[in-house]
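Okay, structure first, notes after.
Treat the numbers as computed from the prediction; the structure is a model and nothing was measured.
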Amino acid sequence: MKKASNLLLSKFNRQRSIKAAPLLSRAYIFENSPSSSSSSQFHSTGRHLQCCAKTRGLIFKLHQFQTNPSRNLNTLRKLREKSDLEEAFESGKTSGEMFRVFKDMEACEDPEKALSFADRALKVLDQDGKPSLLVAVALQLMGSVSYGLKRFNDSLGYLNKANRLLGRLEEEGIANVENIRPVLHAVQLELGNVKTAMGRREEALLNFKKALEIKEMTLGKDSKELGVGYRDLAEAYVSVLNFKEALPFSLKALEIHRKGLGHNSVEVAHDRRILGVIFTLMEEHEKALEQNQLSQRVLKNWGLSSELLRAEIDAANMQIALGKYDEAINTLKSIVQQTEKDTLCHWEKFADSKRCLEIACGNLDKKETVSPIEVAEAYCEISMLYENMNEFETAISLLKRTLAILEKRPQEQQSEGGVSARTGWLLLLKGEVPQAIPYLENAVEKLKDSFGSRHFGVGYIYNNLGAAYLELDRPQSATQIFAVAKDILDVSLGPHHADSIETCQNLSKAYSAMGSYTLAIEFQQRVIDAWEGH
């Protein structure tokens with residue numbers, strides 16, 4: 001969900017299997033990376049590459065013309081020959097100034113007008129067909145505005161064209177590389193954002209990395225902005241569940257901010273919170289809790305109450321993972337007292353917990369049209385609590401409500417896939433196998449687009465889908481699906497990982513159900529060998 005909702009990626013616990021048949025994989029919930037208030041999503045404007053020269057916007061420039069009669073006459077003659085847009089560009093002496101003219105228009109006008117402005121400018125600037133930095137800037141603006149309007153395919157087209165043009169300008173030495181870099185940086189960030197919204201997260205990572213490389217060339221090695229860039233990239237890696245790649249970038253961000261801003265800096269607190277999330281997902285819970293506590297200390301000193309509450313909720317999750325249930329309950333009680341609302345509860349008694357959750361759902365129903373993504377996140381978390389209480393029917397109902405929200409938002413494809421996977425898995429546990437299959441198949445398609453076809457999360461869903469086919473006495477289909485799952489998990493996790501071994505076990509069962517006993521024995525022997533070497 002939205003960058004993510006400041007939720008930890010849900011912990012993936014080993015789940016129960018249906019009947020005595022195949023072993024079901026853990027139910028994976030795919031959500032985006034956690035965020036901090038200082039580093040929301042990747043943006044191409046504002047805090048990344050600042051140009052030194054000041055730019056006068058188009059409206060201000062025209063006002064100047066009106067106050068100088070002799071200047072007005074010259075201007076009128078120019079406007080007969082060229083458009084007012086081109087005149088505005090000519091007022092800039094550097095690409096940074098001209099880039100800011102576009103950004104001023106993007107900020108001041110509504111998106112449709114900004115798009116019209118950029119389109120008119122492009123026609124003026126691209127009349128001779130020669131490569132030009134200003135043409136690239138116009139294309140970048142059109143891509144940015146189209147992204148804001150959720151016209152992702154249009155946006156991708158403009159940005160790719162801008163990217164190719166900038167590469168040609170640099171390769172042929174037509175423009176100064178120092179003028180190209182700010183525009184190229186913006187284009188790479190926008191490409192990353194668009195691809196993320198389209199569910200192409202692995203591809204987006206390449207663009208985000210290129211943007212960071214430009215920052216490294218442009219900014220000092222101890223720059224605060226570079227630290228923010230490292231943290232942003234770490235979050236992007238977390239969003240595709242690549243925690244090992246995320247860790248070094250997160251540590252770099254912490255080192256830069258701690259050195260430049262001190263231990264009590266808000267940026268350091270945000271860095272530590274991301275580190276805590278990464279360590280949690282790597283199942284290094286003690287390290288995660290340590291980072292969380294250090295982060296809480298700083299947030300408390302700065303009086304950032306809402307972010308402190310979020311960190312305390314994270315801490316409760318970590319305490320639960322460590323088996324420190326009494327500490328977790330005390331943490332959650334403290335949170336309830338601070339919020340003074342009935343939207344949080346602990347689970348000392350199931351009856352009380354259910355009552356609290358019913359109240360929470362009632363409150364959320366009223367906010368669904370105002371804050372749909374936040375409500376979807378809450379439904380998803382509440383469904384997990386019902387699941388823990390074996391209230392599967394209610395959990396599934398909430399997941400379906402979550403899907404109804406997410407399906408309307410193409411940029412939430414990754415989250416839709418994760419929720420669909422969990423819905424299918426719960427339906428399998430209830431024995432509603434035919435109903436589970438469409439959800440699992442939908443999850444595979446959504447998550448293949450988001451993570452690639454060889455990602456371990458996709459392998460887990462294939463394993464559950466194979467289990468469903470086997471339950472329906474379709475062993476041939478099950479065998480094909482289990483074989484795909486095994487190939488994915490063997491590569492991504494290794495053949496001696498417990499989940500890879502279980503998938504091999506399922507493949508043996510499928511061959512046995514087909515009557516292919518030689519193959520069944522062969523794969524069963526592989527299972528035995530793998531466990532012996534585990």
Side-chain angles (χ1 to χ4, degrees), residues 3-4 6 8-9 32-44 46-50 181-182 184-186 188-189 191-193 196 201-299 302 304 307 310-311 314 318:
K3 190 179 170 223
N6 304 309
L8 293 175
L9 291 170
N32 299 340
S33 58
S35 69
S36 65
S37 60
S38 68
S39 63
S40 63
Q41 231 15 324
F42 287 86
H43 297 291
S44 60
R47 59 185 171 85
H48 287 285
L49 291 179
Q50 302 289 345
R181 279 177 183 168
L184 184 59
H185 180 265
Q188 291 298 330
L189 284 175
L191 278 169
N193 286 336
T196 298
R201 292 175 179 272
E202 294 284 354
E203 291 181 47
L205 270 173
L206 298 176
N207 296 109
F208 290 142
K209 285 184 75 174
K210 287 179 183 176
L212 182 61
E213 287 167 4
I214 296 171
K215 263 193 170 184
E216 288 175 325
M217 291 185 284
T218 308
L219 302 171
K221 65 176 183 178
D222 294 326
S223 164
K224 170 191 167 184
E225 293 300 310
L226 185 57
V228 172
Y230 284 131
R231 184 173 67 218
D232 284 345
L233 188 56
E235 293 186 72
Y237 272 113
V238 169
S239 77
V240 297
L241 309 180
N242 192 337
F243 318 129
K244 290 183 179 179
E245 290 288 344
L247 183 59
F249 288 108
S250 187
L251 290 170
K252 282 184 181 179
L254 176 61
E255 181 184 356
I256 289 173
H257 290 146
R258 192 168 51 185
K259 181 179 178 181
L261 303 173
H263 290 268
N264 199 39
S265 140
V266 174
E267 295 294 341
V268 167
H270 292 321
D271 294 336
R272 290 194 184 283
R273 183 164 186 272
I274 298 304
L275 266 177
V277 170
I278 293 169
F279 283 132
T280 296
L281 297 170
M282 294 175 71
E283 300 191 359
E284 297 187 29
H285 301 297
E286 291 287 359
K287 290 182 180 179
L289 194 57
E290 178 188 2
Q291 294 297 329
N292 179 278
Q293 289 168 345
L294 290 169
S295 176
Q296 281 194 52
R297 198 175 302 161
V298 175
L299 294 172
W302 283 93
L304 300 174
E307 294 181 42
R310 202 174 300 130
D314 288 351
M318 295 167 189

What's the spacing between [X] [atom1] and [Y] [atom2] if we round to 0.5 Å?
| X | Y | atom1 | atom2 | value |
| --- | --- | --- | --- | --- |
| L251 | I256 | CG | CD1 | 11.5 Å |
| L294 | D271 | CG | CG | 12.0 Å |
| L281 | N242 | CG | CG | 11.5 Å |
| E286 | F279 | CD | CZ | 12.0 Å |
| K252 | E255 | NZ | CD | 9.0 Å |
| R181 | M217 | CZ | CE | 4.5 Å |

Within the structure provided, determine whether [X] and [Y] are in side-chain contact (heavy-atom separation under 4.5 Å).
| X | Y | answer |
| --- | --- | --- |
| V268 | H263 | no |
| L261 | V266 | no |
| F208 | T196 | yes |
| H270 | I274 | no |
| D314 | T280 | no |
| W302 | N264 | yes |

Short side-chain donor-acceptor distance under 3.5 Å, Y230 and E235:
no
Y237 meets the ring-ring contact (aromatic ring centres under 6.0 Å, His included) criterion, sequence neighbours left out, with F249
For the student: nearest non-hydrogen atoms of [X] and [Y], plus distance:
| X | Y | value |
| --- | --- | --- |
| I278 | A246 | CD1-CB, 3.8 Å |
| S250 | A234 | N-CB, 3.8 Å |
| G220 | L226 | O-CD2, 3.7 Å |

How far apart are the C-alpha atoms of R310 and R273, what are their side-chain angles, what is the distance that settles it, and do they pass the side-chain contact (heavy atoms from CB on, under 4.5 Å) test?
CA-CA 10 Å; R310 202 174 300 130; R273 183 164 186 272; 3.4 Å; yes
Apply side-chain contact (heavy atoms from CB on, under 4.5 Å) to the pair H257 and R231, showing each step before the final yes or no.
CA-CA 10 Å; H257 290 146; R231 184 173 67 218; 3.9 Å; yes
Might you work through the side-chain contact (heavy atoms from CB on, under 4.5 Å) test for T218 and I214, ending with a clear yes or no?
CA-CA 6 Å; T218 308; I214 296 171; 3.9 Å; yes
Sequence neighbours excluded, the answer for salt bridge (charged side-chain N to carboxylate O under 4.0 Å, His left out) partners of K259 is D222
Here the side chain to side chain donor-acceptor pair (under 3.5 Å) pairs for residues 290-299, sequence neighbours left out, are R272-Q291, N292-Q296
Residues that [X] engages under side chain to side chain donor-acceptor pair (under 3.5 Å), provided they are two or more places apart:
| X | value |
| --- | --- |
| K287 | E284 |
| N207 | Q188, K195 |
| E213 | none |

